[in-house]
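Notes to accompany the following structure.
All of these numbers come straight from a predicted model, not from anything done at the bench. Note that these values count all heavy atoms, side chains included, but never hydrogens, waters or copies made by symmetry. For the single chain, residues carry numbers from 1 onward in sequence order.
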Amino acid sequence: KPVAFFKDKIADPAVYADMQRAARIDCETILFNIDSKSPLGIKSDKEAILKVFVKVFYDHLGFYGDDFKVAELEKHLKREGVLEQFQDNFAAIKGENWLQRRDCFLFDEDEIVQALIKTKGMSEKSARNWFNHSKSPDISIEQFAQEVKSYIESKEKNFHLIFLVDEIGQYIGENSDLMLNLQTVAEDLGTYCKGKVWLIVTSQEDIDSVAKVKGNDFS
């Protein structure tokens, strides 16, 4: 493990002991370039950073982060313990794997409806109502932080999650709304997850240039 590299290089044994203890923490990292993960045209949205974070978090959980409506369905089926059954039923009806078809789910209304009927015992009317009338849910920063907290709590006691975000400076540019969005995401993750979620960002610009967007001070 990386910590072994420092064994003969750290003079203070207490420091090395701290490094060893840190290395024993069970941890997952979600690494992404924020610009490449951001949908086209979303940067004008003042909650653009939140939406990218939700997308990559859902992707990490195996849900379809590109469409929150589909992800919400998968989350609901997962909570009820029938997601794999739904995927099997869909594959049997459609002849193709759900994970390969969910990016064009709008073309598979009949197959999805039949799979929901078979999996959950829904009536055809209620299944079609969900397909045709439900919209992508609006997710607040607080809701996102609570979802991350639930994921943390489903793991071992000292489990940690890291969001490692590349090129945040170029993405934010001079948009103070995006900087505020990032700050609030970091604050709520800290509040709800109590230090078990870390948010690490990289930027080609120095921190003062990024943090003082249009003269505003950010924590």
Yes or no on side chain to side chain donor-acceptor pair (under 3.5 Å) for K120 and H76, after CA distance, side-chain angles and deciding distance? CA-CA 11 Å; K120 287 177 53 65; H76 172 72; 3.2 Å; yes
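- Side-chain contact between L77 and L73 is present, with at least one heavy-atom pair separated by less than 4.5 Å.
- The cationic group of K69 lies under 6.0 Å from the six-membered ring centre of W130 and within 45° of the ring axis, placing it in a cation-pi geometry.
- The shortest side-chain heavy-atom distance between L178 and K46 does not fall under the 4.5 Å cut-off.
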Start with the C-alpha distance between E167 and D35, add both sets of side-chain angles, then the distance that settles side chain to side chain contact (heavy atoms under 4.5 Å, CB included), and finish with yes or no. CA-CA 7 Å; E167 297 296 357; D35 201 31; 5.7 Å; no
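- Of all heavy-atom pairs spanning I117 and A127, the tightest one is CG1-CB, 4.4 Å.
- In this structure, CD1 on I49 lies 10.0 Å from OG1 on T184, to the nearest 0.5 angstrom.
- Note: the hydrophobic cluster containing L106 also contains L116 (ILVMFWY, side chain heavy atoms under 4.5 Å, direct or indirect links).
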Determine, stepwise, if the pair F107 / R101 fulfils side chain to side chain contact (heavy atoms under 4.5 Å, CB included). CA-CA 9 Å; F107 295 97; R101 290 291 307 180; 4.3 Å; yes
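- Shown here for S203 and I168, the closest heavy-atom pair between the two residues is CB-CG2, 4.2 Å.
- V70 and L99 fall within the same hydrophobic cluster, defined by Ile, Leu, Val, Met, Phe, Trp and Tyr side-chain heavy atoms under 4.5 Å apart, directly or through other members.
- What you find for N33 and S36 is that their closest heavy atoms are O-OG, 2.9 Å.
- In plain terms, the two heavy atoms of Q20 and V3 that are nearest each other are N-CG2, 4.0 Å.
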Please lay out, stage by stage, how F6 and V15 fare under the test side chain to side chain contact (heavy atoms under 4.5 Å, CB included). CA-CA 10 Å; F6 296 95; V15 172; over 6 Å; no
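- In this structure, the side chains of C27 and I162 come closer than 4.5 Å at one or more pairs of heavy atoms.
- Between N181 and A48 the shortest heavy-atom distance is OD1-N, 3.8 Å.
- Looking at heavy atoms from C-beta onward, I10 lies in side-chain contact with M19 at the 4.5 angstrom threshold.
- One hydrophobic cluster holds both L61 and F105 under the rule that ILVMFWY side chains link at heavy-atom gaps under 4.5 Å.
- In this structure the side chain of V52 reaches within 4.5 angstrom of the side chain of Y171, judged on heavy atoms.
- Taking CG of L199 as the start and CG of D188 as the end, the distance is 12.0 Å to the nearest 0.5 Å.
- Partner of V201 under the side-chain contact (heavy atoms from CB on, under 4.5 Å) criterion, out of V165, I34, L164: V165 alone.
- E74 places none of its side-chain heavy atoms less than 4.5 Å from the side chain of F86.
- Taking the six-membered ring where the residue is Trp, F57 and F163 present tilted rings, their angle falling between 30° and 60°.
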Under 3.5 Å, sequence neighbours excluded: what are the donor-acceptor pairs made by side chains of residues 152-161?
unit_1	atom_1	unit_2	atom_2	d
S154	OG	Y151	O	2.6
H160	ND1	N158	O	2.9

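- Both the sub-6.0 Å distance and the 45° axial angle are not jointly satisfied by K55 relative to the ring of Y58.
- Pairing each heavy atom of S136 with each of D67, the nearest pair is OG-OD1, 3.6 Å.
- Atoms CD1 and CZ, on I112 and R102 in that order, are 11.5 Å from each other to the nearest 0.5 Å.
- Under the 4.5 Å side-chain heavy-atom criterion for Ile, Leu, Val, Met, Phe, Trp and Tyr, V148 and L50 are members of the same hydrophobic cluster.
- Annotation: ring-ring contact (aromatic ring centres under 6.0 Å, His included) contacts involving residues 175-204, sequence neighbours excluded, are absent.
- Using a 4.5 Å heavy-atom cutoff, the side chains of F32 and D59 are not in contact.
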What do the steps show when you test E84 against W98 for side chain to side chain donor-acceptor pair (under 3.5 Å), and what is the final call? CA-CA 10 Å; E84 289 186 6; W98 165 252; over 6 Å; no
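- Considering only heavy atoms from C-beta on, K75 comes within 4.5 Å of E147 through its side chain.
- The distance from atom NZ of K1 to atom CZ of R24, rounded to the nearest 0.5 Å, is 9.0 Å.
- Rounded to the nearest 0.5 Å, atoms CG (L31) and NZ (K37) are 9.5 Å apart.
- Connection of V113 to L83 is not established within any shared hydrophobic cluster, with ILVMFWY side chains joined at heavy-atom distances below 4.5 Å, either directly or through further cluster members.
- The pair K51-D138 does not meet the salt-bridge criterion, since no charged nitrogen lies less than 4.0 angstrom from a carboxylate oxygen.
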